[in-house]
Amino acid sequence: MAEFTRFDNRLGILGWLGKGKWGLERYLYILHRLTGLAILFYFMMHIFVTSLRAYGIYLWTEGNFFHQPIFRIGEFLVFAAFAFHAFNGLRLVFVELGFAVGKPIEPIFPYETCISKQRPLLVVMMLLSAVLFAMGGYELIMALGR
Amino acid sequence: MAETKTIKFHIRRYDPKKDKEPYFKTYDVPFQPGMVVLDALHYIRENYDPSLAWRYSCRMGVCGSCGMLINGSPTLACNTQVATLGGTEITIAPLPNFDIVKDLVPELSKMFEKHVAVSPFIVRDEKELDDEKGEYYQTEHQLEQYLQLTYCIRCGCCMAACPTLATDPDYLGPMPLSQAHRYNVDTRDGGRKTRNEKTGSSHGAFKCHFAGECSRVCPKGADPAKAIQHMKRQLVFDFLHLIKNQKPCEKQHGPGNEPKKDVPPAPPYTV
Amino acid sequence: MKETKYWTGHILAGAALLFLLGFHFIYTHIAFLFGTEDNITESLSKGRDAQPVFLVFFIALLGLGLYHGLYGLKNILSELITCENCRKIVAIILTVVGILLFAFGSYSSFVAHKNATGMKNTVSRLEVNNG
């Protein structure tokens, strides 16, 4: 049999974004990854900086290098990432363990999928995330005002 | 007489013998009421280019051959009305995340290899087959557990929409995983633990992160994302020993159909 | 089934982190809820280090955070890398990084705890002597 070349049509990393044509859950999945990476990066730095206290170096406390407003704003961004990642993660725990996606049903057109079943949970979690975000913002304004 | 509306079809072409990369070619097709994308492809082949290749068979959304990327969304060409797409320009490309054989023909064999790898059949003691008077009974509730998944036509639209498969070709994907779950929840089946080895592996169900695209694009409403999430729960509960390993249901006999006693064993095979 | 074990750990660690990090943020940043001002001072930090319960808390946060984060990173990278051996190498590197950071972080917490309790004992001894 003759061998033909096949063209690799995998979308690659841009396929994660789906060229802007996909649903809300797709974007939450991307944002979950990005915020996770940001938090991990911060966490590793944080371990290093706070571990220095064993040698009497307190870089993050009042009057020290990392207590400057620019770092406080950076910390707020990490907090915002946490606010999203935590509540979206909680939604994912429920969804991925099959508790918020509904029961098996017979598909009757127009089809109802598990996406619409978990939407109320998504809305609640995003609202909680927004509340946490607002609290962090309030704290930042207070801290910068001091 | 009213002027016929013309639709521009931008079609992604690729001939492995001539082309290094796929390219888009545009064809004008006169619109007719009730026209589906598959009709337009036939029109192009008959009037412009007989070399245009795509795969189709039943023309009514049953065989799952004509899955393609229509206006950026994976769906069936026979099931998509041109009128509902709106506008005068339509872009058609082969399903992504599969290799292209030619033009709009994707190479589906890797998907079917993954499908076979999860044992998509009822696993149980074969001796029962000899008891031809017995029947497997299932309640409506037991049937409902897997009925939705039997509607899958293996068109590959879910695989094309999956973001994980966009970068990781080893991931099993929505179709094979949901079909594994279809048999896992069947009361006649006894192969869940064996399938768990495959579906709970590093290329299995845990690579699904619930972007939900597979369920959104499924033309038969089989909802693979839901099946995968239920499968994850089963995998975790199996790992934590929270589910008893139930034996598959046994054949039952109605009145007058009791299994025959003292039946002599079948003669040995002669071939 | 190995992946099932790791993933279950990832999910459980994530759920635990929600509460642990929530508590961490409350005592460091959201203190205004309780009428207190900025909690990021050296003396408050030393005060926390002196309590054994905070030592356990820091080490739990460190371990669970590193596991959850690095497993997530491994998941992302294993989807981007297509060669199986490279995936294994990445997993080994991330495990080693995790163990090193955990060892460094928990060692520092122990030392900080020791220093803080030592200081507290010295202060109380001085108080006794002066008293």
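Naming convention: chains lettered A, B, ... in sequence-line order (proteins, then strands); numbering from 1 in each chain.
- In terms of heavy-atom pairs under 4.5 Å with chain A, the best-connected choice from C:Leu62, C:Ile76, C:Leu101 is C:Ile76.
- Only the side chain of C:Leu80 comes within contact range of chain A, judged by heavy atoms closer than 4.5 Å.
- Across all their heavy atoms, A:Leu97 and C:Trp7 have their closest contact at CD2-CZ3, 4.0 Å.
- Contacts with chain A were tallied for C:Ser108, C:Ser106, C:Ala112; C:Ser108 has the most, counting heavy-atom pairs under 4.5 Å.
- For A:Leu140, no part sits under 4.5 Å from any heavy atom of chain C, backbone or side chain.
- Using a 4.5 Å cut-off between heavy atoms, A:Tyr55 contacts chain C through its side chain alone, with no backbone atom that close.
- In terms of heavy-atom proximity, C:Leu18 sits nearest to A:Ala86 at CD1-CB, 3.2 Å.
- Of all heavy-atom pairs spanning A:Ser51 and C:Gly105, the tightest one is OG-CA, 3.6 Å.
- In this structure, the portions of A:Glu96 lying under 4.5 Å from any heavy atom of chain C include both its backbone and its side chain.
- With rounding to the nearest 0.5 Å, the separation of CD1 in C:Ile26 from CE in A:Met135 is 7.0 Å.
- In the displayed structure, A:Phe84 atom CZ is contacted under 6.0 Å by more than 12 heavy atoms of other residues, nucleotides or ligands.
- Heavy atoms of C:Phe110 lying under 4.5 Å from chain A are absent altogether.
- The CG atom of C:Leu17 lies 8.5 Å from the CZ atom of A:Phe82; values are rounded to the nearest 0.5 Å.
- Between atom CD1 of residue A:Ile47 and atom CZ of residue C:Phe58 there is a gap of 12.5 Å, rounded to the nearest 0.5 Å.
- In this structure, CG on C:Leu73 lies 6.0 Å from CG on A:Leu40, to the nearest 0.5 angstrom.
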Exercise for review: Starting from the C-alpha separation in whole Å, work towards a yes-or-no answer on side-chain contact (heavy atoms from CB on, under 4.5 Å) for C:His68 and A:Ile39.
Suggested key: CA-CA 11 Å; C:His68 184 83; A:Ile39 295 166; over 6 Å; no
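- Using a 4.5 Å cut-off between heavy atoms, C:Thr8 makes no contact with chain A at all.
- Within a 6.0 Å sphere centred on CZ of A:Phe71, heavy atoms belonging to other residues, nucleotides or ligands number more than 12.
- For the atom pair CG (C:Asp49) and CZ (A:Arg53), the distance works out to 4.0 Å, reported to the nearest 0.5 Å.
- Ring geometry, A:Phe48 versus C:Phe104: the interplanar angle falls from 30° to 60°, so the pair is classed tilted.
- At a 4.5 Å heavy-atom cutoff, the contact between C:Ser109 and chain A is made by backbone and side-chain atoms alike.
- Neither the backbone nor the side chain of C:Leu12 comes within less than 4.5 Å of any heavy atom of chain A.
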